[in-house]
Amino acid sequence: MSGTPTPPGGSEREQRAAKVARLRELGVVPYAYRFERTCTVAQAIAREGELAPAETPVSLAGRLVALRGHGHTSFGHLKDASGKIQIYIRDDEVSARDFEIFRLLDVGDIVGVTGPLFRTKTGELTVRVKGFEVLSKAINPLPEKWHGLQDKELRYRRRYVDLIVNDDVFATFVLRSRIVETVRRHLLANGFLEVETPILQPIYGGALARPFVTHHNTLDVDLYLRIADELYLKRLIVGGMDRVFEFSKDFRNEGMDRSHNPEFTMLECYAAYWDYTDMMRFVEELFTLLAREIVGGTEITYGEHTINLAPPWRKLAYFDGLREATGRDLREADAAALKKIAVERNLDVEGASSRGDFLDILFGELVEPGLIQPTFVMDYPIEISPLAKRHRKEIGLVERFEPYIAGYEVGNAFSELNDPVDQRERFEAIAKLWDGGARETHPVDEDYVRALEYGMPPTGGLGIGIDRLVMLLTNSPSIRDVILFPQMRPEEGRGGAGE
RNA sequence: GGGCCGCUAGCUCAAGUGGUAGAGCACCUGCCUUUUAAGCAGGGGGUACCGGGUUCGAACCCCGGGCGGCUCACCA
C-alpha cells in the first residue's frame with residue numbers, strides 16, 4: 001500500500017493495524033521509547049495561571065479519548081492518570097506530514113503533545129498542539145463513549161479497559177492504595193515493624209478454613225497456601241519483635257460471592273504488652289484516621305446506610321447480643337439446647353454439630369445483621385476462639401472482639417493466648433471436633449506450641465480484612481469492585497463442545 | 001453446589017407469533033480552520049457462546065455443554 005488511505009473493509013482491528021503500517025511508511029515508529037513531559041494534565045490545569053500561555057508550551061502525554069476532526073483542524077481530548085484536557089491542532093501550524101500523521105490517530109492511541117495553553121471561545125482550557133509524537137498505536141478500539149464498558153464479565157476480565165473508560169473504577173483503586181498507605185503509616189507511627197512471613201506453609205493455621213494445597217518437588221512435600229499469618233507473627237513476638245504487622249495475601253479454598261474472593265488481603269498486627277482493650281482503642285484511632293484522611297469526615301455512606309465512625313464505638317458482649325435477640329441467657333446452654341433454639345427459628349443447622357457451631361449460627365443470623373453502626377462485639381465463647389486468652393473474669397469466655405460495621409465483620413482481635421499448656425489443650429480440643437465431623441478445624445501446630453513454651457509476652461492481636469475495609473470506605477457492594485483482578489473461571493474452553 | 005436471568009458487529013443495545021440480522025458509537029471515503037455526544041453525505045464490518053435436535057426454514061423452539069450476573073448455602 002503506497003500513500004493511499006486505509007482501504008475499506010476488514011475489521012476495525014485490521015484497519016487500525018493497517019495504520020500502523022502506514023505510519024511506518026511515513027517514517028514514524030508507532031511505539032516510541034520515551035517522551036519527556038513537562039507536567040501532568042492536572043498540573044497543567046493547575047498551573048495555567050502561572051504559565052505565560054503564548055510563550056510557555058507544555059508537554060503532556062496520555063491517551064486520546066476523543067477526536068473531532070474538522071478538515072483543516074482537529075479537536076480531541078487527552079487523558080492521563082491525573083485528568084483530561086482538550087487538545088487542538090491546525091494544519092497551518094504544523095507540517096503537512098505531521099498533520100497527515102495526526103489524521104492517522106485514533107481514539108485509544110497514546111500520544112505526547114507539545115504546545116501552549118489557550119482558552120477556546122467556549123472557555124475550555126486547551127493545548128494548542130505545535131508538535132506531537134505517537135507513543136503507542138492502539139489496535140483494539142475502546143468501548144463506546146456514552147455507555148462505556150458495562151458488561152461485568154468483560155470489566156473483570158479486561159480490567160485494563162475498565163480502568164481506561166470507567167473513571168469511578170480507577171478512583172476506587174486509587175483510594176484502595178491510599179487506604180493501605182494510611183493503615184501502614186499509622187502502624188509505623190506506632191512503632192510496628194513490617195515483616196514478611198511464609199505464604200507456603202507446611203501446616204496451615206490461624207483461622208478455620210479449607211486451604212489450597214500445592215507441592216514442592218525438591219522437598220517432595222505438600223505445602224499449604226496460608227489461610228492466615230497469625231501463628232508466624234506471634235512467633236516473632238516470642239522472638240522479641242514487640243510490635244509487628246504484615247499485609248498478608250491469604251488464600252481460602254471456599255466459595256466465592258459478593259464478599260469472598262479465594263485470595264484476599266488481611267492486615268494482621270500484634271503488640272506485646274497490650275490486651276484486647278488496648279487493641280480496641282487502636283482500632284478506633286485507626287478508623288478515625290481513615291475517616292478523616294480518606295472520607296474527609298467521620299460519616300460514611302454504605303448502600304442505604306449512613307454510618308458514623310466517630311469513637312467511642314458501641315460495645316456489645318457476645319452473649320448480651322444473643323440475649324437481646326432470643327430473650328434468653330445462653331451462656332450455660334449446651335449444644336442440644338442451642339440447636340433447639342435454632343430449629344425453633346427455622347435456621348439452617350445442616351452440618352452443625354458442636355456448641356460453637358450453633359452459637360455461630362444463632363449469632364450470625366440473629367445478631368450480626370443488626371450491627372450497622374460500628375460495634376465491638378466482645379467476649380466470645382471459648383469454643384470458637386482457640387487462639388484467644390481466657391477471659392480474666394468470665395468463665396467459658398475469651399478476651400476477643402470483632403468490630404462490625406454495616407453488618408460486616410471487618411476485623412477480629414484478642415488478648416492472645418500465651419499459655420502453652422492451655423494452647424495445646426485448645427488445639428487438641430479442636431482436633432477432637434474434627435474427629436467428630438466438624439466442618440473446619442485446625443491441625444495441631446507443634447512448633448507454635450514450642451514457641452509459646454519459650455515464653456510469649458502478653459500480647460494484643462488484630463486482624464482487619466482490607467478488602468472489606470475498602471468496600472466500606474468506597475461504598476462498593478462487591479469485593480470484586482475492590483480487587484483489581486478478581487478470580488474468574490479461565491476463558492479457555494469457552495464455547496467448546498461439552499465433554 | 002442449588003435456583004433465577006443473560007450471552008446478537010470492537011462497545012451499548014434492537015428485531016409481534018420461527019421467514020434468512022439492524023441502530024447508535026467506533027472504523028473507512030468525501031466535505032468542513034474554535035469543536036466538544038461536532039455536523040452532513042456515502043461505505044465496510046456478523047462463527048448470533050459452542051455442539052446437537054425439531055422444521056421447508058432457527059438469533060428465536062427443544063436437549064447437552066461453556067461463561068457470566070443476581071441469589072441461597074459455606075466462609076472473612
Side-chain angles (χ1 to χ4, degrees), chain A residues 4-19 65-77 84 86-93 99 103-104 106-108 118-124 126 128 138-158 161 165 206-210 227-228 250-266 348 350-352 357 360-361 364 402 408-412 439-440 463-469 471 477-480 488-499:
Chain A
T4 52
T6 310
S11 68
E12 180 163 357
R13 203 166 163 278
E14 287 163 352
Q15 293 188 16
R16 287 187 176 218
K19 289 183 182 179
V65 291
L67 271 179
R68 297 177 293 278
H70 294 267
H72 291 279
T73 72
S74 200
F75 283 93
H77 273 93
K84 204 163 76 169
Q86 182 165 259
I87 62 172
Y88 174 60
I89 190 168
R90 306 170 52 100
D91 72 348
D92 58 3
E93 293 183 359
F99 200 73
R103 290 187 359 153
L104 288 169
D106 293 299
V107 169
F118 77 109
R119 292 263 170 190
T120 63
K121 70 182 183 189
T122 58
E124 180 163 352
T126 302
R128 195 171 195 108
I139 300 301
N140 287 326
L142 289 180
E144 188 244 338
K145 63 183 169 188
W146 305 345
H147 306 90
L149 190 66
Q150 301 285 336
D151 185 277
K152 285 194 177 171
E153 180 173 2
L154 279 179
R155 288 185 40 211
Y156 297 142
R157 287 194 194 279
R158 304 186 195 172
V161 181
V165 300
L208 296 178
R210 289 163 59 194
I227 58 174
D250 294 345
F251 306 85
R252 299 189 183 176
N253 205 341
E254 288 164 352
M256 302 159 56
D257 62 26
R258 202 169 61 248
S259 58
H260 298 84
N261 195 63
E263 55 182 290
F264 63 101
T265 304
M266 176 80 85
D348 181 7
E350 202 188 319
D357 288 343
D360 244 6
I361 289 169
E402 295 195 342
Y408 276 117
E409 176 191 336
V410 296
N412 186 19
R439 287 180 281 200
E440 299 301 342
I464 290 179
I466 293 297
D467 309 281
R468 290 188 178 174
L469 176 65
M471 285 170 68
S478 169
I479 198 168
R480 298 188 149 193
M488 302 284 279
R489 276 205 157 78
E491 252 182 303
E492 256 39 63
R494 300 184 80 201
E499 264 133 62

With a 4.0 Å cut-off on heavy atoms, is [X] in touch with a base, just the backbone sugar-phosphate, or nothing at all?
X: A:K121; answer: base
X: A:Y156; answer: sugar-phosphate
X: A:N261; answer: base
X: A:R13; answer: nothing
X: A:G69; answer: base
X: A:R128; answer: base
X: A:D92; answer: base

Watson-Crick or G-U wobble partner of [N], both distances under 3.5 Å:
N: B:C61; value: B:G53
N: B:G39; value: B:C31
N: B:G1; value: B:C72
N: B:C67; value: B:G6

### Query
A:M488 or A:G255: which one's nearest nucleotide on RNA chain B is closer to the 5' end?
A:M488
### Message
Donor-acceptor check, side chain of A:T122 to backbone of A:T120, threshold 3.5 angstrom: yes or no?
### Response
no
### Task
Measure from NZ or CZ of A:R468 to the centre of the six-membered ring of A:Y408 and say whether it is under 6.0 Å with the direction within 45° of the ring axis.
no
Given the structure, check if the side chain of [X] and the base of [N] hold any donor-acceptor pair shorter than 3.5 Å.
X: A:T120; N: B:U35; result: yes
X: A:R68; N: B:U34; result: no
X: A:D257; N: B:C74; result: yes
X: A:E124; N: B:U34; result: no

### Task
Rounded to the nearest angstrom, tell me the gap between atom CD in A:E14 and atom P in B:G46.
9 Å
### Query
Hey, is A:H72 doing a stacking thing with B:U33, by the 5.5 Å centroid and 30° angle criteria?
yes
